[in-house]
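Here is the structure we will look at.
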Amino acid sequence: MKIVELNENTKKNLLEDLLRRSPDRYPQYEQTVAEIIREVREKRDEALFGYTLQFDRAAINAGNIRVTQEEIAEAYEHVDKELLCVIRAAIRNIEAYHTMQKRSSWFDTKENGILLGQKITPLASVGVYVPGGKAAYPSSVLMNVVPARVAGVEKIVMTTPPGSDGRVNAGTMVAAKEAGVSEIYKAGGAQAVAALAFGTESVPKVDKIVGPGNIFVALAKKAVYGHVSIDSIAGPSEILVIADGTANPRYVAADLLSQAEHDELASAILVTTSRELADAVLREIDGFLEKLSRKEILEKSLENYGCILIADTLQDAVDAANEIASEHLEIITENPFEVMTKIRNAGAIFLGEYSSEPLGDYFAGPNHILPTNGTAKFFSPLSVDDFVKKSSIISYSREALAAVHADVELFAEAEGLTAHANSVAVRFEEV
């Protein structure tokens with residue numbers, strides 16, 4: 001992990017490095033993904049089962065693709081009881097937070113008979129993709145499913161790749177049951193995304209697909225967008241910490257490593273006004289690396305996408321953070337709330353030395369599915385809004401239309417759309 005002075009050149013180089021991790025930078029996989037989607041769309045179950053055997057070494061068929069209640073009940077026997085209590089507590093926090101996001105339909109009436117409004121309706125069905133195998137994350141189940149349930153989605157379908165024995169991770173199944181999933185199917189990869197987008201004999205078509213996955217899943221979601229809605233194209237995990245000389249270097253080091261351990265493409269950046277803090281953080285990182293389990297991944301991610309930037313002022317640090325637009329942003333300064341008011345671009349903001357990023361990953365309540373690769377400049381975290389749609393409501397009385405019909409006709413005729421104009425004019429032919 002290198003220490004460099006923050007200036008326009010170092011910031012530009014850093015941004016270029018980070019953008020290289022985007023799923024858009026892997027065109028070599030797009031043809032493979034397109035072929036998988038085409039096969040599943042045309043051959044449906046046959047292709048889905050074939051790819052599951054090819055990629056997951058699991059013999060899945062119409063009789064065993066859907067997880068049974070018996071399998072879920074058995075999964076509870078393999079999940080630590082204390083962990084189950086924590087999962088339930090996390091669900092309560094996530095549900096409480098997302099309930100605050102709910103919005104109601106509204107209507108506004110005028111005396112002349114005009115009614116305008118917005119009708120909010122939950123999506124009918126949502127597909128949740130959950131990684132399997134070594135990358136089984138029950139926390140992602142909660143973060144995708146609970147907001148959908150709070151929004152009022154009636155049918156929540158989950159797909160997750162099975163092991164070679166045809167079984168699904170026990171923690172994933174228990175989290176799904178606790179969160180309120182309707183159905184679970186043993187399917188992963190681009191083939192599962194295609195099945196959710198177009199439907200097969202066994203897997204139902206849904207209206208929207210959410211959830212993280214590998215590069216094939218990300219590209220598949222991108223490819224089916226338009227046939228269904230999607231949440232986002234997720235990139236590798238990232239954290240940026242703004243810290244001054246008051247920060248505890250041990251805490252900062254631990255938090256940087258908490259994201260660097262995700263994978264070799266993960267990014268961990270510290271922007272600080274204190275060279276002394278930077279040196280101390282490096283020493284703490286070296287100490288942690290000797291005892292953390294994912295040392296090899298940590299070393300590679302820090303070498304490739306880890307950086308400590310020395311800023312002249314705290315405002316320079318804020319400007320850099322806004323330009324990078326990190327997925328996770330921690331502010332560990334003398335007055336973090338004041339600094340927070342200057343932040344424009346970040347997925348989730350953690351304030352103070354006791355608001356460690358894993359709180360957001362697991363327990364606090366805000367969603368951990370966040371914009372990556374600089375997209376926090378225009379995207380938001382997953383929320384209840386992602387699981388509803390809005391319809392505009394328009395109602396005019398004859399009196400109200402009479403007052404404006406000439407204006408509407410003039411506008412339509414100016415655009416050469418005489419049928420539009422006629423649609424209004426015909427209602428006043430006798431005048």
Side-chain angles (χ1 to χ4, degrees), residues 24 34 37-38 41 98-128 144 147-157 182 193-194 196-199 204-210 220-233 325 344-345 367 369 371 374-431:
D24 291 330
I37 292 172
R38 185 189 65 77
R41 190 175 185 181
H98 287 82
T99 296
M100 297 294 291
Q101 297 175 340
K102 290 187 70 173
R103 290 191 281 175
S104 301
S105 301
W106 59 267
F107 302 92
D108 182 43
T109 58
K110 308 292 184 183
E111 291 181 358
N112 61 354
I114 296 176
L115 182 149
L116 302 175
Q118 181 174 265
K119 183 177 182 293
I120 296 178
T121 308
L123 300 181
S125 60
V126 168
V128 177
N144 281 283
R149 180 166 53 78
V150 169
V153 177
E154 292 184 3
K155 188 171 186 177
I156 304 174
V157 178
S182 309
V193 174
L196 290 170
F198 301 107
K205 182 187 186 309
V206 298
D207 296 322
K208 184 167 188 170
I209 301 172
V210 300
K221 288 169 67 178
K222 179 181 177 182
V224 301
Y225 177 66
H227 299 282
V228 293
S229 179
I230 62 171
D231 51 351
S232 63
I233 308 296
R344 294 179 57 87
N345 305 320
N367 212 287
I369 298 171
T375 60
K377 291 180 179 179
F378 45 83
F379 281 146
S380 304
L382 192 75
S383 72
V384 168
D385 282 346
D386 287 288
F387 299 101
V388 300
K389 53 193 177 70
K390 307 172 185 74
S391 301
S392 301
I393 303 296
I394 303 169
S395 176
Y396 268 54
S397 67
R398 178 177 176 81
E399 176 190 0
L401 184 59
V404 300
H405 78 90
D407 294 340
V408 178
E409 292 165 31
L410 178 62
F411 215 146
E413 288 168 355
E415 293 188 346
L417 299 175
T418 55
H420 278 63
N422 182 64
S423 173
V424 177
V426 72
R427 287 164 167 79
F428 301 96
E429 287 179 320
E430 76 282 5
V431 177

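For the numbers below, each heavy atom of this structure counts, side chains included, while hydrogens, waters and symmetry mates do not.
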Smallest separation among heavy atoms of [X] and [Y], with atom names:
X    : Y    : result
A412 : A421 : CB-N, 3.6 Å
N367 : P147 : ND2-CG, 3.4 Å
V388 : A151 : CG1-CB, 3.9 Å
N112 : A400 : O-CB, 3.5 Å

Would you compute the distance between atom [atom1] of [X] and atom [atom2] of [Y] and round it to the nearest 0.5 angstrom?
X    : Y    : atom1 : atom2 : result
D108 : I114 : CG    : CD1   : 9.5 Å
I230 : I209 : CD1   : CD1   : 8.0 Å
D231 : F387 : CG    : CZ    : 7.0 Å
I369 : N144 : CD1   : CG    : 3.0 Å
I37  : F198 : CD1   : CZ    : 6.5 Å

Using a 6.0 Å cut-off, check whether atom [atom1] of [X] has over 12 heavy atoms from anything other than its own residue.
X    : atom1 : value
K119 : NZ    : no
F107 : CZ    : yes
Q118 : CD    : yes
F411 : CZ    : no
H420 : NE2   : no
K110 : NZ    : no

When you measure from the side chain of [X] to the backbone N and O of [Y], does any donor-acceptor pair fall under 3.5 Å?
X    : Y    : result
S125 : D207 : yes
K221 : V210 : no
R398 : R427 : yes
S105 : I120 : yes
T99  : V150 : no

Taking the side chain as C-beta and beyond, is there a heavy-atom pair between [X] and [Y] under 4.5 Å?
X    : Y    : value
I394 : L116 : yes
K389 : K208 : no
S232 : T375 : no
P204 : V157 : yes
Y396 : V404 : yes

- Task: From the options H98, Q101, R103, K102, select the one residue that forms a side-chain hydrogen bond (donor to acceptor under 3.5 Å, both in side chains) with D385.
- Result: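 Option passing the side-chain hydrogen bond (donor to acceptor under 3.5 Å, both in side chains) with D385: R103.
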
- Message: Run the side chain to side chain contact (heavy atoms under 4.5 Å, CB included) test on V228 and L196 for me, step by step, so that the C-alpha distance in whole Å, both residues' side-chain angles and the decisive distance to 0.1 Å come before the verdict.
- Response: CA-CA 9 Å; V228 293; L196 290 170; over 6 Å; no

